[in-house]
2 protein chains.
Amino acid sequence: MARRSDHSREELRDLILGAAEQLIVDHGLGGLSARAIARRVGYTPGTIYLVFTNLDDVILHVNARTLDRLRVPMAAAVAESGSSAEQLRRVARAYAAFAQAQPNLWRACFEHRLPDTVAGPDYIDTRIAGLVALIMDPLAEATGATGAALDTAAQALWSGVHGICMLTLTGKLHMVGGQAVAHLTDDLVSHYLAGVRAEAAPTGGAA
Amino acid sequence: MARRSDHSREELRDLILGAAEQLIVDHGLGGLSARAIARRVGYTPGTIYLVFTNLDDVILHVNARTLDRLRVPMAAAVAESGSSAEQLRRVARAYAAFAQAQPNLWRACFEHRLPDTVAGPDYIDTRIAGLVALIMDPLAEATGATGAALDTAAQALWSGVHGICMLTLTGKLHMVGGQAVAHLTDDLVSHYLAGVRAEAAPTGGAA
DNA sequence: GGGCGGAAATGAACGCCGTTCAATAGCGCG
DNA sequence: CGCGCTATTGAACGGCGTTCATTTCCGCCC
């Protein structure tokens with residue numbers, strides 16, 4: 001044993017992340033373990049700790065990858081032509097579609113909890129902030145909001161769509177008529193935007 | 001050892017649930033273990049399995065308790081006088097306030113994942129459905145929606161408020177201006193309702 | 001070519017976990 | 001008083017994250 005550079009440190013890193021990702025895809029976060037990763041890559045558990053500081057570190061890097069992949073369809077949704085409201089509906093649908101297509105990876109991003117004593121790393125914060133940033137321009141255009149009002153709208157709408165995905169995915173939305181996710185996000189985005197606009201151009205009358 | 005009926009089965013059940021709840025409150029779901037519960041109640045781990053089928057069973061019963069407690073302020077919020085829109089804003093605030101006051105218990109209800117092969121028990125589904133049912137009447141009144149449209153509105157709004165609570169609590173809402181939870185839920189509820197109403201009484205003009 | 005320094009990888013170890021179950025210890029009854 | 005019954009134990013199994021002394025091999029220098 002003790003092969004020297006069967007794989008470079010970089011290769012080993014990718015190997016481990018790939019194995020971890022596959023384990024999460026197949027069995028969820030709960031199916032991930034250092035020993036399972038090691039088995040998959042043909043090393044021993046100890047080796048993982050030469051490349052990552054601990055399992056949380058591995059998970060966070062898998063999550064970073066996932067957020068990068070999630071960004072692609074979301075960015076595309078904003079890039080396409082259409083009214084700002086349509087763009088926002090499309091982004092929400094893209095988010096929901098990703099969550100449905102890769103439920104275990106998506107959930108890993110939001111269900112993984114690290115010890116209360118340690119803060120999440122910047123490279124995760126940055127990526128999430130980057131996703132939220134995608135909707136700011138269309139949202140400003142669709143609502144006419146600026147400053148703090150725009151921040152509020154972004155947070156409310158983003159959280160709302162996120163909540164729809166989460167509750168739908170985990171089956172914790174117990175209702176008689178279960179609605180399709182895209183239908184729910186469309187409904188939330190459309191009506192929320194209409195509501196903000198209605199407030200901007202206040203009571204009753206035309207113009 | 002082997003004390004006979006120091007506690008009745010029923011007392012033991014409550015003892016275990018109380019200990020489990022306190023452990024979750026103090027350290028989150030991750031701080032819960034059969035051994036920790038046993039230590040707290042002065043029994044051995046094996047005893048827990050005489051009363052509950054496994055740890056998941058314990059957690060689910062703690063969650064049922066939590067949902068019962070969550071129901072109280074929510075029901076009070078609907079009972080108070082005020083417009084239906086105000087009632088809905090109050091329910092949302094009550095939900096958010098509970099989530100903030102008991103973050104670990106609230107999160108346990110939604111982050112606990114049982115093996116994919118087994119379905120959640122009815123007594124959880126029933127309780128969640130009961131909570132959602134609280135908002136149906138005011139929502140019907142506030143929006144004028146009925147049937148499937150009402151279901152859609154309930155699911156969208158409920159999920160939205162839930163998402164705000166979850167992302168705020170887990171600190172995964174990465175934005176420059178972090179808004180207070182109550183502000184966000186008020187904003188979402190108000191604007192969503194306004195949007196649905198605006199659609200019902202369609203374009204521009206008065207009446 | 002031979003040997004050596006240093007680094008890569010191992011694998012055993014620690015203390016935790018959920019869960020099971022034969023063995024035991026104490027109560028209630030005859 | 002002693003027996004049977006059952007509530008409870010505690011040891012055991014396999015798995016977990018993590019650490020680190022030990023081993024194994026590579027590349028370099030002589």
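Chain A is the first sequence line, chain B the second, and so forth, proteins listed ahead of strands; every chain is numbered from 1. Because the structure is predicted, anything quoted here is derived from the model rather than measured.
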Checklist entry - Distance only, no hydrogens: is a donor on one side chain within 3.5 Å (strictly under) of an acceptor on the other, for Asp116(A) and His27(B)? => result no
Item to check | ring-ring contact (aromatic ring centres under 6.0 Å, His included) partners for His61(A), two or more places apart | outcome: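 Testing His61(A) for ring-ring contact (aromatic ring centres under 6.0 Å, His included), a comparison that skips the adjacent residues, returns Phe52(A), Tyr123(A).
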Checklist entry - Is any side-chain N or O of Arg9(A) closer than 4.0 Å to OP1 or OP2 of dA9(C)? => result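 Checking Arg9(A) against dA9(C): at least one side-chain N or O falls below 4.0 Å of OP1 or OP2.
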Atom pair distance, as rounded to whole Å: [atom1] in [X] and [atom2] in [N]:
| X | N | atom1 | atom2 | result |
| --- | --- | --- | --- | --- |
| His7(A) | dT10(C) | NE2 | P | 10 Å |
| Ile59(B) | dC17(C) | CD1 | C1' | 13 Å |
| Ile48(B) | dT9(D) | CD1 | C1' | 13 Å |
| Glu11(B) | dA7(D) | CD | P | 14 Å |
| Ile16(B) | dA7(D) | CD1 | P | 14 Å |
| Tyr43(A) | dA8(C) | OH | P | 11 Å |
| Phe52(B) | dT8(D) | CZ | P | 14 Å |
| Glu10(A) | dA8(C) | CD | P | 14 Å |

Checklist entry - What orientation do His191(A) and Tyr192(B) show, parallel under 30°, tilted 30 to 60°, or perpendicular over 60°? => result perpendicular
Checklist entry - How are the rings of Trp106(A) and Tyr95(A) set relative to one another: parallel (under 30°), tilted (30 to 60°) or perpendicular (over 60°)? => result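 If you compare the ring of Trp106(A) with that of Tyr95(A), the planes turn out perpendicular.
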Next on the checklist: Both Arg39(A) and Thr47(A) contact DNA chain D. Which one's nearest nucleotide lies toward the 5' end?
Outcome noted: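 The residue mapped nearer the 5' terminus is Arg39(A).
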Next on the checklist: Quick check on the helix from dG1(C)-dC30(D) to dG30(C)-dC1(D): what's the angle between its two end axes, five base pairs per end, to the nearest 10°?
Outcome noted: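 End axes: 30° apart.
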Checklist entry - Are side-chain heavy atoms of Ile37(A) and Leu55(A) found at a separation under 4.5 Å? => result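 Yes - at least one pair of side-chain heavy atoms lies under 4.5 Å apart.
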Checklist entry - Can you tell me how far OG1 of Thr152(B) sits from NE2 of His183(A), rounded to the nearest 0.5 angstrom? => result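 Here the interatomic distance stands at 3.5 Å.
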Using side chain to side chain donor-acceptor pair (under 3.5 Å) as the criterion, list what pairs up with [X], not counting sequence neighbours.
| X | answer |
| --- | --- |
| Arg65(B) | Glu21(B) |
| Arg90(B) | none |
| Gln22(A) | Asp26(A) |

Protein-nucleotides 17-19 of chain D N/O pairs closer than 3.5 Å?
{"from": "dG17(D)", "atom 1": "OP1", "to": "Ala34(A)", "atom 2": "N", "distance (Å)": "3.1"}
{"from": "dG17(D)", "atom 1": "OP2", "to": "Ala34(A)", "atom 2": "N", "distance (Å)": "2.9"}
{"from": "dG17(D)", "atom 1": "N7", "to": "Arg35(A)", "atom 2": "NH1", "distance (Å)": "2.4"}
{"from": "dG17(D)", "atom 1": "O6", "to": "Arg35(A)", "atom 2": "NH2", "distance (Å)": "3.0"}
{"from": "dT18(D)", "atom 1": "OP2", "to": "Tyr49(A)", "atom 2": "OH", "distance (Å)": "2.5"}
{"from": "dT18(D)", "atom 1": "OP2", "to": "Leu55(A)", "atom 2": "N", "distance (Å)": "2.9"}
{"from": "dT18(D)", "atom 1": "O5'", "to": "Tyr49(A)", "atom 2": "OH", "distance (Å)": "3.3"}

